[in-house]
Amino acid sequence: MATMNQLEISIAKQFSETPGGRHVKDSATSGERFREEILAPALQEAEVIVVDLDGTLGYGSSFLEEAFGGLVRQGFTAETLHKKMKIKSSVPTYSRRIWQYIDEEGSRKH
Amino acid sequence: MNGFVTSYGSLVFWAIAIVGWGVANTSANRRECRKELRSDVDAACALTEKIADLFSTYCQTQPNTAESASSEVRLKLMFKDLGMQLHRLSQRKRFYIRQILKLDASQQAMDKFYVSVTGGNFESSDRQVSEGMTEILTAASHSLELIDNLKKAFNDAF
């Protein structure tokens, strides 16, 4: 945790080094579980969150879509997420896809 | 004339030598840069083909098996590696300055390939082996698009 209002989430350290799958029925380390148990509560608790994607064995887009695109389906707006969430990754493809999922889901909702 | 040669002869000699060295050095650097980029682009293309091949095998394995789980992890690791390789290429000065639009096209092709392989029913217990052929063909066509874009960017850079 960097400041009072900023929360850093390391997926590898706080969730799993092998995240995978979209739904809970597919895997114990699914995007749905990560969103429901870690990501969404953190967004409600902190003003800004930093999600660190490094340290895992990689991500499937099904995991990323369900975890991050799912936030918009759950009720967070894309604008709020752009303000409150920062993505940290050594692989730019992941962060680019995450914002695409959020924006695509946001435009579908409008 | 003799006075000019006496006064400036050595200066002209050094000027020619310096210009000659500059031309030779620039040409050698260009050759070296081309060789390095060729090797990076070839590595990215080879990895793309490997991912497409492994995905084809993965689609024909039953879900929820050790073989399927192992392929899923390997595919994700290979995509992580490919993402880093493309990022490194995009940071190469010559590529970045001269090929920014084509690199952008390569990134978009990489995104489409990434989604076609690891989206949908990837890692899902509902994955149907019988539906694999369409997914294999889609991923294969996106892999070819990525390879084409990378090769075009390389060819146009030199």
Side-chain angles (χ1 to χ4, degrees), chain A residues 10-13 15-36 51-73 87-105 107-108, chain B residues 44 47-48 51 54-55 58-59 62-66 68-91 96 103-128 135 138-139 142 146 150:
Chain A
S10 162
I11 297 184
K13 288 179 191 157
F15 185 63
S16 171
E17 286 180 6
T18 53
R22 180 180 287 273
H23 300 297
V24 175
K25 67 178 168 61
D26 299 323
S27 150
T29 56
S30 66
E32 183 182 23
R33 187 168 161 229
F34 173 66
R35 171 168 51 79
E36 287 179 350
V51 185
D52 184 359
L53 303 180
D54 289 338
T56 69
L57 286 180
Y59 297 90
S61 52
S62 48
F63 175 92
L64 296 178
E65 202 287 326
E66 188 57 41
F68 295 92
L71 286 171
V72 181
R73 292 191 288 277
I87 306 292
K88 199 167 128 188
S89 174
S90 58
V91 186
T93 305
Y94 291 150
S95 41
R96 200 174 48 249
R97 284 307 309 172
I98 286 172
W99 289 117
Q100 278 173 11
Y101 291 135
I102 289 171
D103 293 335
E104 278 166 16
E105 201 55 43
S107 57
R108 246 196 296 273
Chain B
L47 184 54
T48 303
I51 294 174
L54 178 58
F55 181 62
Y58 166 72
C59 285
Q62 291 297 327
N64 302 318
T65 58
S68 157
S70 151
S71 297
E72 286 161 358
V73 171
R74 280 167 61 207
L75 282 166
K76 287 192 290 183
L77 277 171
M78 286 158 105
F79 262 113
K80 192 174 176 180
D81 192 13
L82 183 60
M84 281 178 171
Q85 287 190 19
L86 288 197
H87 180 60
R88 268 203 306 275
L89 271 175
S90 72
Q91 301 303 301
Y96 177 75
L103 274 178
D104 199 35
S106 298
Q107 291 287 7
Q108 284 170 15
M110 152 86 183
D111 278 355
K112 280 197 267 179
F113 183 42
Y114 174 63
V115 172
S116 64
V117 171
T118 67
N121 281 332
F122 184 75
E123 295 181 317
S124 164
S125 48
D126 298 336
R127 183 167 61 82
Q128 299 294 316
E135 291 170 2
T138 310
H142 288 147
L146 173 57
L150 283 170

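Sequence lines set the chain letters: A, B, ... in the order given, protein chains first and strands last, and positions in each chain run from 1. Predicted, not measured: the structure shown is a model, and the values here were computed from it. These numbers come from the heavy atoms of this one structure, side chains and all, not from hydrogens, waters or symmetry mates.
- The main-chain N or O of Gly60(A) is never found under 3.5 Å from a side-chain atom of Thr118(B) such that the two would form a donor-acceptor pair.
- For the pair Lys76(B) (side chain) and Pro19(A) (backbone), a donor-acceptor distance under 3.5 Å is present.
- Between Lys25(A) and Asp126(B) there is a side-chain heavy-atom pair separated by less than 4.5 Å.
- Smallest separation of non-hydrogen atoms from Ser62(A) and Glu123(B): OG-OE1, 4.1 Å.
- Here Met84(B) contributes atom CE and Ser90(A) contributes atom OG; the two are 3.5 Å apart, rounded to the nearest 0.5 Å.
- Distance CG/Asp26(A) to CG/Asn64(B): 8.0 Å, rounded to 0.5 Å.
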Practice prompt. Start with the C-alpha gap between Tyr114(B) and Leu64(A), add the side-chain angles, then the distance that decides, and say whether side chain to side chain contact (heavy atoms under 4.5 Å, CB included) holds.
Written response: CA-CA 12 Å; Tyr114(B) 174 63; Leu64(A) 296 178; 3.3 Å; yes
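- Residues forming a salt bridge (Lys or Arg N to Asp or Glu O under 4.0 Å) with Lys13(A) (at least two apart in sequence, or on another chain): none.
- The closest side-chain heavy-atom distance from Val91(A) to Lys80(B) is below 4.5 Å.
- Under the 4.5 Å side-chain criterion, counting only non-hydrogen atoms from C-beta, Leu86(B) is not in contact with Thr93(A).
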Item to complete: Report the C-alpha distance between Val115(B) and Arg97(A) in whole Å, list the side-chain angles of each, state the deciding distance to 0.1 Å, and finish with yes or no for side chain to side chain contact (heavy atoms under 4.5 Å, CB included).
Response: CA-CA 9 Å; Val115(B) 172; Arg97(A) 284 307 309 172; 3.3 Å; yes
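- In this structure, the side chains of Ser124(B) and His23(A) stay at 4.5 Å or more apart for every pair of heavy atoms.
- Arg33(A) pairs by the side chain to side chain donor-acceptor pair (under 3.5 Å) definition with Glu37(A), not counting sequence neighbours.
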